[in-house]
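Report on the structure given below.
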Amino acid sequence: WTSTNVANLRGTKLKSRREKCSVIVVTVVRSASAYQSKTVRFLQVAFDTTGESFLAGDHHGNIYVIDISRNRFKLVQKTGQACTALAFNLRRTTEYLVALSDYSIKCFDQDTKQLVSWMRGHEGAVSSLSVHSSGRYAISTSSDTAQLWDLDTFQRKRKLNVRQSVGVQKVFFLPLSNAILSCFTDGSIFAWESDTLFSKYQLPVPQDGPRIHYKAFAVTQDGKTLAAGGRSNLIHLWCLDSQQLFRVIQMPPKVRTVRHINFLPDSFDGGSSQVLGVLSQDGVMRFINIHTCKQLFDIGSCDDAITSAAVCPKGRHIAAVMDNGSLRVYNVQSLTQETNKPPQPLVKVVTTNKRGDSSCLKMKVHTGAVQRPAKTSGRRIQTKRLRTPAVSALEDKENDMPDALNKKRLRTLLRTFGEYPEKYRMFIWRSLLQLPENHAAFSSLTDKGVHSAYLCLHERYPIKSHRLQRGLQRVLSALAHWSSIFGEAEYLPLVAFPFVKLFQNNPLICFEVVATVIVNWCQHWFEYFPNPPLNILSMAENVLAHHDKELLQHFVDCGVTSQLYAWPLLETLFTEVLTREEWLKLFDNIFTNHPSFLLMAVVAYVTCCRAPLLLCTHRQDFEYFFHHRNTLDISAMLKEAYRLMETTPADLHPSSMLSDFEPLTRDQYPIFNKYPTFIVEYQSQERERIRQQEVEYLRERQALQDLRAEAVRQQAEDEAWYTQQELLQEAEEQRRRILQQEENKLAEQRARLGAMKRELKVKELTLLDAARRRFLKHQQNQQKIELNRLDDEIQRKVTLRAQETAAAMQDMEVRQMELDAQRRLFEQVSALLFGHQITTASLQLHPFSHAGAESQMAPCYLHSALHRKLNTGSCNPTMQNIF
């Protein structure tokens with residue numbers, strides 16, 4: 001395999017050679033553009049659902065997509081901020097989530113490289129992102145809260161709030177279910193319904209055995225088994241169906257803290273993974289079978305440590321972020337093939353300590369023939385035994401601890417190079433000091449809170465960094481709770497501060513380092529408390545008298561004692577006169593040698609600076625000299641210290657009066673009572689009395705201040721009342737004036753209103769008069785029209801009457817003519833009747849024929865008809881008159 005540098009490249013082919021048995025597929029390194037030697041660390045990795053590609057984010061905010069199947073990588077985004085979590089299994093396969101250091105979450109599209117959404121709401125760094133199996137919902141977790149997001153609308157649906165005393169460790173979706181698992185810093189684990197967020201169950205916290213303080217969690221793909229680990233070498237396995245703890249796995253003794261765990265999926269296990277990968281504090285990820293508890297293989301080492309890892313969903317590859325900032329991809333098939341080979345002659349065997357445990361659930365991890373995955377190339381592979389690493393892979397990897405270090409070889413290395421490698425110094429120190437890491441004992445000390453002696457530490461020793469201030473206060477308080485003398489020693493903050501600054505990420509290690517220094521290198525310091533340790537200073541003065549009598553005589557002539565030239569160096573541990581690099585180099589040698597080396601270093605510093613010291617004659621010059629940095633070759637000083645260690649006579653050598661190095665005891669810290677108890681108790685009592693007096697004084701002063709405040713308040717209330725009364729009177733006068741003005745305005749308005757009413761009345765009368773006149777005129781017009789109409793009617797009637805009269809005259813004339821005609825007719829009839837009578841008389845005498853009779857009867861019929869008409873009155877009056 002070969003390394004690939006992805007600096008300044010947006011997308012290209014990875015430089016890797018794949019062999020059939022290659023364990024490491026590729027190693028990816030990201031170097032800074034301006035400095036090829038400077039590596040930009042990768043921080044997070046996340047596989048997609050197919051397992052053939054994964055996301056990788058570095059410290060500069062660059063996001064890469066590395067395609068394992070196509071052997072290519074591509075730069076898909078430049079966020080400009082370090083990413084804290086990644087998620088690549090969304091429903092839209094081209095989108096992914098990135099949690100950034102500004103506490104926000106962004107969704108990008110890897111094809112278009114566009115920002116899809118920007119989600120805010122966290123007040124702390126997002127430590128994990130969990131996506132539902134459907135890809136629609138996501139859960140983001142920070143130390144103080146967890147938030148549920150809808151990835152369709154990118155809106156927050158729910159928020160999990162917790163108490164300040166209990167933080168959130170991790171919240172994630174369970175596979176193949178509709179449940180959410182939430183894990184808190186107090187070790188409690190709850191399951192919730194993702195739809196209703198109703199609590200389903202709580203896993204019972206094991207009561208027997210030590211508290212693990214869960215930090216790492218993993219769930220099988222079928223969602224039935226939960227693995228949890230933390231600050232212990234124990235792994236708890238839970239059955240989520242029955243909500244019971246069914247197994248406790250004990251890792252080898254080298255495993256002290258579990259940082260990360262992952263189940264290794266298999267294509268034929270139906271989602272119930274049998275292999276669990278456990279990443280411990282030493283940077284080695286061990287894969288064990290959870291049923292047989294046998295270690296199958298491991299990746300990484302103390303020299304090539306792993307900081308985090310992600311397992312492919314198909315179980316084919318493992319992407320690991322290495323301690324040096326690179327990214328490495330392992331082939332799982334090759335790793336499992338290595339475990340199935342016959343054992344090699346040199347094999348690393350992991351042994352376990354047999355500790356009695358009443359729990360039948362606990363099983364220890366054991367290893368048989370395990371072959372370390374070797375780096376392969378095209379040539380024949382030669383297997384070598386991997387030595388136990390002597391150092392950690394990171395300076396701040398403060399939990400790493402090997403089995404043993406050869407102190408003689410370390411001393412030879414130190415004499416050769418003068419100092420330990422910067423990269424491995426902290427780990428070597430911890431190995432040399434043999435720190436027990438008593439978590440429970442340290443927790444009991446810190447649980448007591450801030451010691452009363454260090455409540456006002458920030459006033460005496462102001463530090464710009466609040467984090468360092470709190471760390472120093474925590475360590476000093478723990479020391480004061482451990483032994484009362486440490487609450488009285490005024491120079492203790494000067495002794496502890498350099499170690500607090502070095503181990504600020506781990507207060508336990510810092511406390512134990514300071515305690516070890518006090519127990520071994522500060523022997524007999526407190527026997528003359530509260531005075532400086534005159535016995536220790538006398539040792540240094542005796543050594544100086546033996547090796548440089550002239551300089552000591554000069555000190556005596558100038559009235560300078562060891563309290564002026566030796567004690568300032570001891571009480572500050574050389575921090576005022578040395579730079580950081582020089583101080584670290586000095587303590588490399590101090591921790592490697594006998595506790596008397598510290599006194600030899602003091603004498604060596606004085607003798608190496610003898611030239612300027614011989615020129616000083618005033619006390620102020622000496623005080624300034626031993627409290628400020630001077631031109632000094634630290635290598636020459638160390639060489640002189642070693643010379644003094646070797647040439648000082650046994651009767652003057654401090655080693656004859658100082659005990660050998662003794663580490664702190666395990667489980668509980670030793671009792672420290674090497675000080676005048678009555679003085680400390682007296683000072684404690686005096687301090688308590690002064691504190692009580694101060695409390696009483698403060699109480700009285702507070703009461704007086706309260707009385708003054710009450711008087712001031714009462715006076716202020718009185719003044720406010722009088723002021724309020726004055727304001728009320730002024731307001732009343734003002735309102736009276738306003739009322740008077742309003743009344744005047746109202747009177748004016750009424751006058752104007754009366755004038756307007758009169759004007760309106762006049763207008764109304766005028767309008768009524770005009771209307772009356774118009775009405776009269778209208779009536780006159782109507783009367784005229786009616787008269788005209790009557791005239792026309794009269795005229796028409798006159799004309800009609802005239803016409804009727806004319807018609808009547810005409811009718812009269814016609815009637816006259818009719819009458820004349822009737823008269824003539826009657827005359828004729830009369831004549832006929834007279835003739836008829838004569839005829840009748842003749843007929844009586846002579847019978848008539850039938851035809852003649854009818855003709856004779858006609859005149860008689862006409863005469864009778866005329867008479868009927870006259871009798872009925874239907875005849876014209878004129879005619880009646882005529883008849």
Side-chain angles (χ1 to χ4, degrees), residues 407-416 418-419 432 516-528 531-574 577-578 582 585-614 616 622 625-626 630 632-662 674:
K407 195 170 184 179
K408 184 177 179 181
R409 293 187 59 189
L410 285 176
R411 186 177 290 110
T412 304
L413 177 66
L414 185 61
R415 293 295 294 268
T416 303
E419 61 179 333
L432 292 172
T516 304
V517 169
I518 292 175
V519 171
N520 293 277
W521 283 272
C522 299
Q523 297 181 38
H524 310 294
W525 277 30
F526 307 98
E527 293 179 358
Y528 291 88
N531 299 314
L534 301 180
N535 50 351
I536 300 298
L537 299 179
S538 298
M539 295 180 193
E541 190 170 10
N542 292 335
V543 175
L544 179 61
H546 177 77
H547 292 281
D548 198 338
K549 295 181 179 180
E550 180 184 359
L551 182 59
L552 179 59
Q553 186 61 38
H554 178 70
F555 286 156
V556 174
D557 296 340
C558 296
V560 176
T561 63
S562 57
Q563 297 185 23
L564 185 59
Y565 66 81
W567 182 237
L569 300 178
L570 289 175
E571 69 176 353
T572 61
L573 295 182
F574 292 88
V577 297
L578 296 179
E582 294 172 345
K585 191 173 182 179
L586 172 62
F587 270 83
D588 286 343
N589 292 269
I590 291 176
F591 287 155
T592 309
N593 292 278
H594 191 271
S596 61
F597 188 85
L598 179 60
L599 294 179
M600 294 302 184
V602 172
V603 178
Y605 182 86
V606 174
T607 56
C608 289
C609 299
R610 68 187 311 273
L613 288 174
L614 290 173
C616 296
F622 288 102
F625 185 88
F626 288 104
N630 304 287
L632 174 70
D633 185 3
I634 188 64
S635 300
M637 172 189 162
L638 293 173
K639 186 176 180 180
E640 177 66 15
Y642 280 107
R643 188 189 68 83
L644 296 176
M645 287 284 291
E646 296 171 358
T647 59
T648 302
D651 56 340
L652 298 179
H653 204 291
S655 61
S656 62
M657 290 168 279
L658 297 178
S659 303
D660 294 335
F661 174 80
E662 293 182 3
K674 299 177 182 179

Under the side-chain contact (heavy atoms from CB on, under 4.5 Å) rule, what do W525 and I518 come out as? Steps first, then yes or no, please. CA-CA 9 Å; W525 277 30; I518 292 175; over 6 Å; no

Sequence neighbours left out, what passes ring pair (Phe, Tyr, Trp, His ring centres under 6.0 Å) with F591? Give chain and number order. W429, W521, F587

Could you give the side-chain donor-acceptor pairs of residues 592-606 under 3.5 Å, partners two or more places apart or in another chain?
| residue | atom | partner | partner atom | Å |
| --- | --- | --- | --- | --- |
| T592 | OG1 | Y420 | OH | 2.7 |
| T592 | OG1 | D588 | O | 2.5 |
| N593 | ND2 | N589 | O | 2.5 |
| N593 | ND2 | Y642 | OH | 3.0 |
| H594 | ND1 | S596 | N | 3.1 |
| H594 | ND1 | S596 | OG | 3.1 |
| H594 | NE2 | D660 | OD1 | 2.8 |
| Y605 | OH | N630 | ND2 | 2.8 |

Could you give the side-chain donor-acceptor pairs of residues 564-574 under 3.5 Å, partners two or more places apart or in another chain?
| residue | atom | partner | partner atom | Å |
| --- | --- | --- | --- | --- |
| W567 | NE1 | E571 | OE1 | 3.1 |
| T572 | OG1 | P568 | O | 2.6 |

Return the set of residues passing side chain to side chain donor-acceptor pair (under 3.5 Å) with H546 (not counting sequence neighbours), or none when no residue passes.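 Expected list: none.
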
Kindly write out the residues that satisfy salt bridge (charged side-chain N to carboxylate O under 4.0 Å, His left out) with E640, not counting sequence neighbours, or none if the list is empty. R643

Output the distance between atom [atom1] ([X]) and atom [atom2] ([Y]), rounded to the nearest 0.5 Å.
{"X": "L544", "Y": "E541", "atom1": "CG", "atom2": "CD", "answer": "7.5 Å"}
{"X": "Q563", "Y": "N531", "atom1": "CD", "atom2": "CG", "answer": "7.5 Å"}
{"X": "L534", "Y": "M539", "atom1": "CG", "atom2": "CE", "answer": "11.5 Å"}

Student check: side-chain heavy atoms of [X] and [Y] closer than 4.5 Å:
{"X": "I536", "Y": "L658", "value": "yes"}
{"X": "C608", "Y": "D633", "value": "no"}
{"X": "P612", "Y": "F625", "value": "yes"}

Going by salt bridge (charged side-chain N to carboxylate O under 4.0 Å, His left out), name the pairs with one or both residues in residues 595-610, residues two or more places apart or in two chains. D548-R610, E550-R610

Under 3.5 Å donor-acceptor, S656 side chain and L652 backbone: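 No, because the side chain of S656 does not come within donor-acceptor range (under 3.5 Å) of the backbone of L652.
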
Where the side chain of Q523 meets the backbone of S659, is there a donor-acceptor pair that is under 3.5 Å apart?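 Such a contact is found between Q523 side chain and S659 backbone.
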
